[in-house]
Amino acid sequence: MIEIELDGQKVAVPEGSMIMHAADKAGTYIPHFCYHKKLSIAANCRMCLVEVEKAPKPMPACATPVAKGMIVRTKSEKALKAQQSVMEFLLINHPLDCPICDQGGECQLQDLAVGYGAGASRYEEEKRVVMHKDVGPLISMEEMSRCIHCTRCVRFGQELAGVMELGMIHRGEHAEITTVLGDTVDSEVSGNMIDLCPVGALTSKPFRYQARNWELSRRKSVSPHDSTGANLIVQVKNNKVMRVLPFENEDVNECWLADRDRFSYEALNSEERLTQPMIKHGGEWKPVDWQTALEYVANGLRQIKADHGAQSIGALVSPHSTIEELYLAGALVRGLGSENIDYRLRNAQFAKAEGVRWLGTSIASLSSLQGVLVVGSNLRKDHPLFAMRIRAAARKGAAVSVINDVANDWAMPVATSVVAPAANWVQSLADVAAAVGAAKGSTAPAKGNATDAAKAIAQSLIAGERKAILLGNAAAHHGNATSLLALANWVAAQTGATVGYLTEAANTVGAQLVGALPGPNGLNAGQMLAGSLKAAILLNNEPVFDSAAGRNAAAGLAKTDMVVSLSPFKANMEIADVMLPIAPWTETPGTFVNAEGRVQSFHAVVKTAGEARPAWKVMRVIANLLGLPGFGFESAQEVLTAARGAQDAQASLVQGGKLSNATSAAVDASAAAGQPATAAIYRLDGIVRRAPSLQLTADGRLANVREETPA
């Protein structure tokens, strides 16, 4: 540690730290624009000039290393004059459009100009003009004349997103930030550039001119999409979600958001919202009141149970639903005497549950891995924030290896890539096991060939202390998923690595914890979708888009006597008999459990749209109408308490709710396995699919083209 004197206060910081780091530790604020704790140091705005004793001129605090005995003054006349001079230069060409700027009220330049700017400008010449640029549907670069060339956006793309989509061209007053070739900004985490911009040069295109910062209420929430469980600030005006920003949590999402989390809120205000119950009568949808709709469902379930038995009733539930909703869906089905409930809509194999499958390590630890093998995932698109963590590890020298059916661009150095059809993944992993066995002098559980690629992967997992084998969405949905897990566990045991599932959805882990899985005699999702039911309850999903059956799901569900769709949207209109409008994540309290097993509860941030109701309330009332006991819940908190207590009751399914990736399954390399069902980045769930701006991105357009093109 090196001790310096900062404004008369002794501060000790690690060797190699900058004055800015010492100021942060001492709680002293030094004005700055280009410096950001997550980005490399550029020192190009010069706003952080401070006085360093014996230095001939003011020094930038962000780029001046501390030295033993250094004396720094941040508030001296010399420092303040330097900072004021820099501010004057920054404002020389800055347009005077604060009244109409979208950044007004949350602009770093505006705030610091109050403290360090002069009352009038000495500059009388015309200000420079920079032409606007169209970089896609998410980021607005309409007012690039405001840019102060801090290069935060450039460094974010280069260092954290892994793609240098923006850069600076020319010099002096002709310098400007641009895509150079007129391309669009297509990174899946591009929205973070908006947060990083200290002025109004980069703004949110969907939010543009919608509201002023001071008009918005701020409410904390949790993302309902992938398994990161990103912490959010949802900004609301007039009971309408206007914007979503990151809530900083170093252990989960740091200070970043994926574009999927940031812009999907558009769907919540769309015309596709279902705002009142509807029943299909004579092939046409008719709006009805809640009492009529609920009695229709209860009477239908009662009649079907009487005619065909309880085992003809089942529930297909979404892992994007909350703990409370999943628990009550299971309780409702089991209360009727059925064991048919499943969240694994995209799975091809339905092995007996032996434990709650999870990440196998903490999310934060992904940033410090020294070796990682990812099997069956387009990591960058499936889990953008996990990819940022592993990208950070790769920048520190971690060896990243992948086994997948496509050589995707992960925007990071990949040491070894094995591209093989999904049917050959077990063999590819068996090859790695063979290479590990040869190096360790042990016998692999399956016959494999120690190819050069397998040896390279094996060596990357044997070397170092912090290693992980991560099974992606496609590996989880694989037709021989148990063999992949068994092999991964064996390799991990030999190399000292952890084994984990990236897990697909916001509540995949939670769905397992509350036993949203079929009982001993229950039907799995594949069997239910194939037409084994007489009554199907669809909770927050659209089987045509959200299941491995795809368009065949419609044919399977057409064999039922009644399909009940609980969704915030006008979904399943072709296959459902009754649609019940339920509240999305912003309109209901609930709980998600992310990939690392972190339990995160949240409150509703706006009132429900129209006549929509929280799904847990809807299922409670249906159960009451059916006369089922144990459904006297008055709040979501009561449901959560009951769900946690029920984990022990589900011990036969999930070992009492313990997180475990262990398996007793043997490796069977000969088992048939087709192409696993996975969702594109902006097709993951019903909310994302209905977000217009996300569908207009390059990823959104590509997914839509593929979906509309017959295989």
Side-chain angles (χ1 to χ4, degrees), residues 33-34 36 39 42 44-45 90-110 127-213 242-246 256-260 262-263 266 411 691-701:
F33 293 112
C34 67
H36 189 278
L39 302 176
N44 52 8
C45 79
L90 288 174
L91 294 178
I92 280 175
N93 272 311
H94 199 77
L96 301 175
D97 58 358
C98 292
I100 57 113
C101 179
D102 246 19
Q103 198 88 337
E106 53 187 1
C107 173
Q108 202 172 341
L109 180 66
Q110 192 178 54
K127 294 178 181 288
R128 77 172 194 149
V129 175
V130 180
M131 292 302 295
H132 69 268
K133 301 159 182 68
D134 184 1
V135 294
L138 305 181
I139 299 176
S140 172
M141 295 180 72
E142 290 290 316
E143 288 90 11
M144 288 307 293
S145 298
R146 299 171 184 163
C147 179
I148 61 170
H149 305 152
C150 70
T151 68
R152 280 184 178 183
C153 56
V154 177
R155 284 176 284 146
F156 173 81
Q158 195 171 13
E159 299 163 13
L160 299 178
V163 185
M164 188 176 175
E165 294 178 296
L166 295 178
M168 184 183 288
I169 60 173
H170 307 312
R171 300 181 67 184
E173 69 169 330
H174 300 294
E176 59 178 291
I177 301 292
T178 179
T179 56
V180 183
L181 298 178
D183 299 326
T184 53
V185 173
D186 298 321
S187 167
E188 62 285 349
V189 289
S190 64
N192 293 295
M193 296 179 184
I194 300 168
D195 295 340
L196 287 171
C197 184
V199 295
L202 303 182
T203 54
S204 168
K205 191 170 281 189
F207 176 69
R208 187 174 167 83
Y209 298 145
Q210 295 297 306
R212 285 299 195 180
N213 174 56
M242 304 300 293
R243 184 167 62 167
V244 172
L245 298 175
W256 313 121
L257 277 187
D259 290 349
R260 181 164 55 193
R262 184 184 298 271
F263 296 107
E266 285 186 295
S693 294
L694 292 178
Q695 298 307 318
L696 291 174
T697 62
D699 283 324
R701 294 195 307 272

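When reading the values below, keep in mind they use all heavy atoms of this one structure, side chains included, and skip hydrogens, waters and symmetry mates.
A salt bridge does not link Arg128 to Glu176: none of the charged side-chain nitrogens sits closer than 4.0 Å to a carboxylate oxygen. A salt bridge is absent between Arg146 and Asp102: the closest approach of a Lys/Arg side-chain nitrogen to an acidic carboxylate oxygen does not fall below 4.0 angstrom. Ionic pairing of Arg262 and Asp195 is present here: one or more N-O contacts between side-chain nitrogen and carboxylate oxygen are shorter than 4.0 angstrom.
With rounding to the nearest 0.5 angstrom, the OG atom of Ser204 is 9.0 Å from the CD1 atom of Ile139. To the nearest 0.5 Å, the span separating SG on Cys153 from CD on Gln158 amounts to 11.0 Å. The distance from the NZ atom of Lys133 to the CD atom of Glu143 is 11.5 Å, given to the nearest 0.5 Å. Annotation: the span from Leu696 atom CG to Lys205 atom NZ amounts to 10.0 Å, rounded to 0.5 Å. Within the model, atoms CD of Gln108 and SG of Cys150 stand 8.5 Å from one another, a figure rounded to the nearest 0.5 Å. His132 NE2 to Met144 CE: the interatomic distance, rounded to the nearest 0.5 Å, is 12.0 Å.
A donor-acceptor pair is defined here as one N or O able to donate and one able to accept, closer than 3.5 Å; such a pair exists between the side chain of Arg155 and the backbone of Cys34. In this structure, the side chain of His36 does not engage the main chain of Leu196 through any donor-acceptor pair within 3.5 Å. With hydrogens and angles disregarded, a donor-acceptor distance shorter than 3.5 Å links the side chain of Asp134 to the backbone of Gly136.
Within the 4.5 Å cutoff, the side chain of Asn44 has no heavy atoms near those of the His149 side chain. At a threshold of 4.5 Å between non-hydrogen side-chain atoms, the residues Asp183 and Glu165 do not count as touching. Using a 4.5 Å heavy-atom cutoff, the side chains of Thr179 and Val185 are in contact. Looking only at side-chain heavy atoms (C-beta outward), Leu138 and Asp259 come within less than 4.5 Å of each other. Within the 4.5 Å cutoff, the side chain of Val130 has no heavy atoms near those of the Cys147 side chain. Within the 4.5 Å cutoff, the side chain of Phe207 has no heavy atoms near those of the Ile194 side chain. In this structure the side chain of Asp699 never reaches within 4.5 angstrom of the side chain of Leu694, judged on heavy atoms. Looking at Thr178 and Met168, their side chains never come closer than 4.5 Å, going by heavy atoms from C-beta outward.
Here the shortest heavy-atom pairing between Val189 and Ala258 reads CG1-CA, 4.1 Å. Taking every heavy atom of both residues into account, Ser693 and Pro137 meet most closely at O-CG, 3.5 Å. Nearest heavy atoms, Ala42 versus Thr151: CB-OG1, 4.0 Å. Shortest non-hydrogen contact noted between Phe263 and Pro206 is CD2-CG, 3.7 Å. Closest approach of Gly200 and Gln103 over heavy atoms only: CA-CB, 3.6 Å. The minimum heavy-atom distance between Phe33 and Pro198, with the atom names listed, is CD2-CB, 4.0 Å.
The side chain to side chain contact (heavy atoms under 4.5 Å, CB included) with Ser140 is formed by just one residue from the set Leu202, Thr203, Val135; it is Thr203.
Summarising the local packing, CZ of Arg208 is surrounded by more than 12 heavy atoms from other residues, nucleotides or ligands at distances under 6.0 Å.
Side chains of Asp186 and Thr184: a donor on one and an acceptor on the other come within 3.5 Å.
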